[in-house]
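Take a look at the structure below.
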Amino acid sequence: MTVSATTKRRFALATALRGALMLMAGLYAIVFPAEALTVLVLAGGILLIVDGVLGLWSLTFGGGKSGNYWFDVVSNVLSLILGVLFFLQPFIATIFTVTLLSSLIGIAALIVGVMQIVVIVREREHYARIWPVVLSGISYILLGLVFLFFPLLSASLGMIFGGVLLVFFAFGLFGWAWRLYQRSKTA
């Protein structure tokens, strides 16, 4: 199937537009990480509301009944309520969500770090050097403590890191859009 030059230019423009949106989102996350985190929580709230409404609609009108009707009703209602609460108090929802996720990540990092140290110390006779693994375990433990004791800082740094990745991705999209545009001129 042959694609016309006009269609190729539209693909290039759409790709460049995606790049511009990624660049703006990335810069926003870098400059305003706390606000970007709140926006992310609000987007999660939208998803919860849509999920709850569509789930209830499916149970009521769509014939989407499973083996446990009341469990589905309760889970969809809770999804809807949680989404609405995210909109009513986005700051509190952000703190709650960030604290919970940071705590889970911190606990996981602590467990991984302790496991690395315990395993390498137990089996040290099989290794020429155990210090790299011990240092890695200590790094995981320190990372876990940072996530546990400074959840908002960890989330803000994560948003900044995510923003930097979005900026790099945006420049990749700009390069792709340029190649698409150049190909549309030769066609």
Side-chain angles (χ1 to χ4, degrees), residues 9-58 74-116 135-181:
R9 282 190 203 104
R10 287 183 185 150
F11 287 153
L13 180 64
T15 303
L17 181 61
R18 282 179 57 207
L21 290 173
M22 293 287 174
L23 181 63
M24 288 188 305
L27 292 175
Y28 185 74
I30 291 169
V31 176
F32 305 108
E35 289 82 2
L37 192 58
T38 302
V39 169
L40 194 61
V41 169
L42 288 174
I46 291 171
L47 287 173
L48 286 170
I49 290 171
V50 169
D51 178 57
V53 168
L54 290 177
L56 289 173
W57 181 86
S58 173
V74 169
S75 67
N76 286 310
V77 168
L78 287 176
S79 176
L80 187 61
I81 290 171
L82 189 59
V84 169
L85 288 176
F86 276 25
F87 266 96
L88 294 177
Q89 292 295 329
F91 182 70
I92 300 219
T94 301
I95 290 173
F96 173 72
T97 305
V98 167
T99 303
L100 177 67
L101 291 176
S102 290
S103 297
L104 292 175
I105 292 169
I107 291 168
L110 283 172
I111 291 170
V112 167
V114 169
M115 284 174 51
Q116 277 186 341
L135 288 176
S136 173
I138 291 170
S139 298
Y140 268 109
I141 290 171
L142 292 175
L143 178 69
L145 292 174
V146 167
F147 270 95
L148 284 173
F149 291 115
F150 305 106
L152 291 177
L153 174 66
S154 302
S156 294
L157 291 175
M159 288 304 294
I160 292 171
F161 181 70
V164 169
L165 292 177
L166 282 174
V167 168
F168 282 126
F169 186 66
F171 283 114
L173 286 174
F174 290 145
W176 187 25
W178 180 253
R179 282 192 305 256
L180 289 172
Y181 178 72

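For the numbers below, each heavy atom of this structure counts, side chains included, while hydrogens, waters and symmetry mates do not.
Counting all heavy atoms, side chain and backbone alike, G52 lies closest to S79 at N-OG, 3.7 Å. Taking every heavy atom of both residues into account, S156 and P33 meet most closely at O-CB, 3.5 Å. The shortest heavy-atom contact between A29 and A36 is CA-CB, 3.8 Å. When all heavy atoms of Y181 and A12 are compared, the closest pair comes out as N-CB, 3.6 Å. Minimum heavy-atom separation, T15 to L173: CG2-O, 3.4 Å. Among all heavy-atom pairs drawn from A155 and V98, the shortest one is CB-CG1, 3.4 Å.
The distance from the CG atom of L17 to the CE atom of M22 is 10.5 Å, given to the nearest 0.5 Å. S75 OG to L82 CG: the interatomic distance, rounded to the nearest 0.5 Å, is 12.0 Å. Note that CG of L152 and CG of L157 are 11.0 Å apart. Values are rounded to the nearest 0.5 Å. Atom CG in L42 sits 10.0 Å away from atom CG in L37 (nearest 0.5 Å). The CZ atom of F147 sits 11.0 Å away from atom CG of L110, with the distance rounded to the nearest 0.5 Å. Distance CG/L180 to CZ/R10: 14.5 Å, rounded to 0.5 Å.
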Worksheet item: Could you go step by step and tell me if Y28 and M159 meet the side-chain contact (heavy atoms from CB on, under 4.5 Å) rule?
Response: CA-CA 10 Å; Y28 185 74; M159 288 304 294; over 6 Å; no
Discussion item. I'd like to know whether L23 forms a side-chain contact (heavy atoms from CB on, under 4.5 Å) with L166, so could you lay out the CA-CA distance, the side-chain angles of the two residues, the decisive distance to 0.1 Å, and finally the verdict.
Written reply: CA-CA 6 Å; L23 181 63; L166 282 174; over 6 Å; no
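Residues L48 and L80 have side chains not in contact (no heavy-atom distance under 4.5 Å, counting atoms from C-beta outward). With contacts defined as side-chain heavy-atom distances shorter than 4.5 Å, the pair S102/L148 does not qualify. Proximity of L85 to I81: side-chain heavy atoms (C-beta onward) are separated by under 4.5 Å at one or more points.
Between F174 and F171, the two ring planes are perpendicular [angle over 60°; tilted spans 30° to 60°].
In this structure, S154 contributes its side chain and F150 its backbone to a donor-acceptor pair below 3.5 Å.
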